[in-house]
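In what follows, a structure is listed as structure tokens, so that the remarks can point back to it.
Below, all heavy atoms of this structure are taken into account, side chains as well, without hydrogens, waters or symmetry copies.
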Amino acid sequence: MDKLLVIVGPTGVGKSKYSIELAKQLNGEIISGDAYQIYKAMSIGTAKITKEEMQGIPHYLVDELNFDHPYSVADFQRLARKHIETIISKGKLPIICGGTGLYIKAVLYDYVFEKEEVDEEYKAQLKNYSNEELYEQLRIIDAKSLETIHINNRQRVERALMIAHSGKLKSDIVDEQQHKLLYDATIIGLTLPREQLYEKINQRVNTMMETGLLSEIEQLLNTANKTNIEEVWNLQAMKGIGYKEWKNYFDKVATKEETIALIQKNSRNFAKRQYTWFNNQLEVNWINVTTKEETLKRALEIFKK
RNA sequence: GGUUCCAUAGCUCAGUCGGUAGAGCAAUGGAUUGAAAAUCCAUGUGUCGUUGGUUCAAUUCCAACUGGAACCA
């Protein structure tokens, strides 16, 4: 099995900084395991690493898509695996660094995403039913999938119906998998005491404002090739934290201060959800971030073990 | 200095005609297989400001004190 280093952790903990240091020491190249840093023109709000900060370390899946393009786990899985091979063929260590738990798990484990064509007509039809009706439909088609889907989670109920509609059942696809690691992956999680992390997150949002988050948003709205502004706000990329919150500001129903506070809160809530994922879905070796030297030393120890 | 009002969960407040209390927000835990920075689920013990008094029983009534607010001087 190919050796791999994975760096995870909540937003704001300092993953990028450590990934660079580790890449330098381990002769590695970095693949971003992140759902939003792939978008060009979305840099401040995604806390994207700058060219200078990269210090010449090659990065993949950063700045590769226009913000009106969709991006999914399946895309990430395919692209990341391709990049892993490329990096290994150069005799270097692939380092996945990011905060999107599902994406990272989908690469490391044998998640299978069948080829599928979206039946737009069927998809539109689903909108006509209530949550209860959709849930009952799914019970008939794929009862087993209900075990992990709550009736109110319409997004997932619809998705499971879509999967069934295009061929295999979601529960069958999952059952056929081994749920084993495909790589010799060392997963390192960077963490901070909750209060400290929240303080850092709040501060980071303030810094984003100082470095021009608002003008980044304005630019996105201006360059969007859409006649209807609502369509822009509905883009997948605009659902990101630090972006979606500005809709109310531009609609003049929220002040700038309220918007900033909301971004901070959503970021904190997100960090908590990330912990839930990393704690329960992946085998993470946690390192409490202290000084740079000590943290790096711990990371190298864990990797070499 | 005087009068009146307020003091209950991290915050804003409700409430108990005396039987130890509950909303919103925040927070916490969890689920997660093509939107995942998305979507969804669950969770409310707090010396009811302090000290006394009345009472079988006080967070509730009474008094003093402490802190705060408004008004009068």
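For the pair A/Y198 and B/U28, the criterion of a side-chain N or O lying under 4.0 Å from OP1 or OP2 is met. Here A/N152 reaches the OP1 or OP2 of B/C41: one of its side-chain N or O atoms lies under 4.0 Å away. For the OP1/OP2 pair of B/A37 and a distance below 4.0 Å, the side-chain nitrogens and oxygens of A/T11 include no atom meeting the criterion. When the side-chain nitrogen and oxygen atoms of A/Q236 are compared with OP1 and OP2 of B/A36, one or more of them lie within a distance under 4.0 Å. Proximity of A/K239 to the phosphate of B/A37: no side-chain N or O atom is located under 4.0 Å from OP1 or OP2. Put simply, A/K265 has a side-chain N or O that comes within less than 4.0 Å of OP1 or OP2 on B/A26. OP1 or OP2 of B/G30 sits under 4.0 Å from a side-chain N or O of A/T276. Distances shown here put every side-chain N or O of A/R204 at or beyond 4.0 Å from the OP1 or OP2 atom of B/A37.
At a threshold of 4.0 angstrom between heavy atoms, the contacts of A/I173 with the nucleic acid are absent. Contact annotation for A/K168: no contact, since no heavy-atom pair falls under 4.0 Å across all strands. A/Y275 comes within 4.0 angstrom of no nucleic acid atom, judged by non-hydrogen atoms across all strands. A/Y71 comes within contact range of the sugar-phosphate backbone alone, with a heavy-atom separation under 4.0 Å but no base atom that close. A/N269 comes within 4.0 angstrom of the backbone, heavy atoms only, and of no base. Residue A/G242 is out of contact with every strand shown, counting any heavy-atom pair closer than 4.0 Å. Residue-level contact check: A/Q281 touches the bases, meaning some heavy atom is under 4.0 Å from a base atom. Heavy atoms of A/N266 sit nowhere under 4.0 angstrom from any nucleic acid atom. A/V174 comes within 4.0 angstrom of a nucleotide base, judged by non-hydrogen atoms across all strands. At a threshold of 4.0 angstrom between heavy atoms, the contacts of A/R159 include nucleobase atoms, whether or not backbone atoms are also involved. Contact annotation for A/R268: backbone-only contact, meaning every heavy-atom pair under 4.0 Å involves sugar-phosphate atoms and none involves a base. If you check every strand for non-hydrogen atoms under 4.0 Å, A/S267 touches nothing. Note on A/Q177: a base of the nucleic acid sits closer than 4.0 angstrom, heavy atoms only.
A heavy-atom distance below 4.5 Å is not found between the side chains of A/Y39 and A/K48.
A distance of about 22 Å separates the C1' atoms of B/A26 and B/A31, rounded to the whole Å.
Side-chain atoms of A/T100 do not come within 3.5 Å of backbone N or O of A/L102 as any donor-acceptor pair.
Donor-acceptor pairing under 3.5 Å is lacking for the side chains of A/Q178 and A/Y109.
Using cut-offs of 30° and 60° for the angle between ring planes, the A/Y71 and A/Y103 rings count as perpendicular. Between A/F113 and A/Y111, the two ring planes are perpendicular [angle over 60°; tilted spans 30° to 60°].
Listed nucleotides: B/U28, B/U39, B/A37. Nearest to the side chain of A/F270: B/A37. For A/Y111, whose side chain is taken as the heavy atoms from C-beta onward, the closest listed nucleotide among B/U33, B/U39, B/A26 is B/U33. Nearest nucleotide to the A/H179 side chain, out of B/U33, B/A38, B/C40: B/U33. In this structure, the nucleotide among B/G30, B/A35, B/U28 sitting nearest to the side chain of A/Y103 is B/A35. When distances run from any side-chain atom of A/I241 to the nucleotides B/A38, B/U33, B/A27, the shortest one goes to B/A38. In the set B/A27, B/U28, B/U33, B/U28 carries the atom at the smallest distance from any side-chain atom of A/K272.
Side-chain atoms of A/R156 stay outside donor-acceptor range of the base of B/A35, with no qualifying N/O pair under 3.5 Å. In the interface, the side chain of A/N280 is not paired with the base of B/A31 through any donor and acceptor atom under 3.5 Å apart.
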Could you write out RNA chain B as a dot-bracket string, with dots for unpaired bases, | for bases paired across to another strand, and Watson-Crick or G-U pairs counted at under 3.5 Å?
-> (((((((..((((.....[..)))).(((((.......))))).....(((((..]....)))))))))))).
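Between A/E158 and A/R154 a salt bridge is recorded (basic side-chain N to carboxylate O distance below 4.0 Å).
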